[in-house]
Amino acid sequence: MPELPEVEMARRYLEGATLHQTIEMAEVRDERILFKVSARILEEALAGQQFFSALRHGKRLFLEVHDALWLALHLGLTGNLIYLESEAALPRHTRLLIAFENGRALAFDDPRIFGEVSLTKSPQTFLEERKIGPDAQQIDRDGFLRIMSGRKGLIKPALLNQSLVAGLGNLYADEALFQAGISPEARGLDEVQLDALFSSIQEVLWTALSTNADLEKLPDSYLLAHRHPGGRCPRDGSLLLREKIGGRTSYYCPEHQKKSC
DNA sequence: AGTACCACCTGACGGC
DNA sequence: TGCCGTCAGGTGGTAC
């Protein structure tokens with residue numbers, strides 16, 4: 001379920017659980033999780049090493065192995081990182097297992113295999129190669145306006161485009177648009193709208209993180225608490241619309257989310 | 001530059 | 001109980 005807040009939780013988890021432990025061995029249990037690296041190369045690169053830090057950019061995670069080698073992780077739709085105490089049963093869909101000399105292990109569980117594991121020289125190199133834009137929580141207002149203004153397409157696909165701004169997914173994009181009062185089908189937003197959208201994005205991400213990315217704990221005033229067929233807008237009671245926009249299911253309020261100013 | 005598909009996978013859920 | 005269609009919070013590629 002990973003968008004920026006969930007991935008940030010995963011980063012903190014990795015940071016708290018997996019640093020500074022010597023890796024006894026890494027085992028790729030399903031090669032389909034790998035991106036442009038072979039199981040053998042990855043396993044050999046990790047054996048005997050330690051992780052020294054955990055970074056996140058957008059939805060990407062990076063574990064530092066040494067100054068010129070990082071393990072890059074992406075959780076996809078169903079990826080989950082689990083630190084195992086010794087003897088614990090492996091999660092059912094463990095695609096990568098990293099066993100430490102202290103008997104603990106890190107499992108990358110991912111039923112649908114939309115996740116990704118690779119190696120890179122540095123996070124910066126990785127982000128450039130993959131054309132990933134600035135992180136949604138690090139970008140400032142001016143940067144956001146610069147990137148988003150003058151675009152002709154629908155706003156929602158733009159928010160989901162990780163090469164523009166990285167970290168928003170389908171749910172939080174809907175939420176930010178809802179709070180800013182902008183239709184997902186709006187296009188050519190003016191400066192005032194983009195400004196409101198930027199504020200909403202920051203507010204939504206901050207709030208999500210403050211609940212430890214637990215969607216259940218979001219305020220009732222949020223769209224996400226009502227984002228299901230038959231749900232009603234917590235602001236004005238309108239029946240929420242559900243529509244495919246840019247190929248993704250979108251919920252929005254026809255009453256207060258406008259297509260134009 | 002934008003859009004509209006398709007593909008990659010598996011599991012959960014509702015209807016019959 | 002079981003089969004079937006549909007849906008899912010991500011990303012990449014290709015064709016127009």
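Within every chain, numbering begins at 1; the chains are lettered A, B, ... in the order of the sequence lines, protein sequences first and strands thereafter.
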* To do: Please map the stems of DNA chain C, keeping only stretches of three or more Watson-Crick or G-U wobble pairs with both distances under 3.5 angstrom.
  => B:2-8 with C:10-16, B:10-16 with C:2-8
Atom [atom1] of [X] to atom [atom2] of [N]: distance rounded to whole Å?
{"X": "A:Glu243", "N": "B:dA4", "atom1": "CD", "atom2": "P", "result": "12 Å"}
{"X": "A:Met148", "N": "B:dG2", "atom1": "CE", "atom2": "P", "result": "10 Å"}
{"X": "A:Leu159", "N": "C:dG10", "atom1": "CG", "atom2": "P", "result": "12 Å"}
{"X": "A:Asn80", "N": "C:dA8", "atom1": "CG", "atom2": "C1'", "result": "16 Å"}
{"X": "A:Leu127", "N": "C:dT11", "atom1": "CG", "atom2": "C1'", "result": "15 Å"}
{"X": "A:Ile132", "N": "C:dG12", "atom1": "CD1", "atom2": "P", "result": "7 Å"}
{"X": "A:Asp110", "N": "C:dG10", "atom1": "CG", "atom2": "P", "result": "13 Å"}
{"X": "A:Asn170", "N": "C:dT11", "atom1": "CG", "atom2": "C1'", "result": "13 Å"}

* Asked: With a centroid cutoff of 5.5 Å and a plane-angle limit of 30°, would you call A:Phe114 stacked on B:dC9?
  -> no
Is the distance from OP1 or OP2 of [N] to the nearest side-chain N or O of [X] less than 4.0 Å?
{"X": "A:Lys131", "N": "C:dG12", "answer": "no"}
{"X": "A:Thr249", "N": "C:dA8", "answer": "yes"}
{"X": "A:His74", "N": "C:dT11", "answer": "yes"}
{"X": "A:Arg95", "N": "B:dC9", "answer": "no"}
{"X": "A:Lys244", "N": "B:dT3", "answer": "no"}
{"X": "A:Gln162", "N": "C:dT11", "answer": "yes"}

Test item: [X] side-chain N/O and [Y] main-chain N/O as donor-acceptor pair under 3.5 Å:
{"X": "A:Gln162", "Y": "A:Leu168", "value": "yes"}
{"X": "A:Glu255", "Y": "A:Asp236", "value": "no"}
{"X": "A:Arg11", "Y": "A:Ala54", "value": "yes"}
{"X": "A:Glu175", "Y": "A:Leu224", "value": "yes"}
{"X": "A:Glu3", "Y": "A:Leu171", "value": "yes"}

Using the side-chain heavy atoms of [X], tell me which of these nucleotides is nearest: [options].
{"X": "A:Lys152", "options": "C:dG9, C:dC7, B:dG2", "result": "B:dG2"}
{"X": "A:Leu171", "options": "B:dG2, C:dG9, B:dT10", "result": "C:dG9"}
{"X": "A:Leu77", "options": "C:dG10, C:dC7, C:dT11", "result": "C:dG10"}

* In whole angstrom, give me the gap between the P atoms of B:dC5 and C:dC7. => 15 Å
* **Inter-nucleotide P distance (C:dT6, B:dC6), Å rounded** => 14 Å
* How are the rings of A:Phe144 and A:Phe198 set relative to one another: parallel (under 30°), tilted (30 to 60°) or perpendicular (over 60°)? -> tilted
* If you group Ile, Leu, Val, Met, Phe, Trp and Tyr whenever their side-chain heavy atoms sit less than 4.5 Å apart, what else falls in with A:Phe62? -> A:Leu55, A:Trp70, A:Phe126, A:Leu127, A:Ile132
* To do: Would you indicate what A:Glu116 reaches in the nucleic acid, counting non-hydrogen atoms under 4.0 angstrom: base, sugar-phosphate, or nothing?
  => nothing
* Just checking A:Leu154: base, sugar-phosphate only, or nothing, at a heavy-atom cut-off of under 4.0 Å? -> sugar-phosphate
Would you tabulate the pairs of protein nitrogen or oxygen atoms and nucleotide nitrogen or oxygen atoms of nucleotides 11-13 of chain B closer than 3.5 angstrom?
residue : atom : partner : partner atom : Å
B:dG11  : OP1  : A:His93 : NE2          : 3.1

* **salt_bridge(A:Glu116, A:Arg60) N-O dist < 4.0 Å** => yes
* To do: Would you mind checking if A:Asp109 and A:Arg92 are paired as a salt bridge, meaning a charged N to carboxylate O distance below 4.0 Å?
  => no
* To do: Assess the pair A:His256 and A:Phe178: is the distance between their ring centroids shorter than 6.0 Å?
  => yes
* Asked: Do you reckon A:Val28 sits in the same ILVMFWY cluster as A:Phe100, going by side-chain contacts under 4.5 Å, direct or chained?
  -> yes
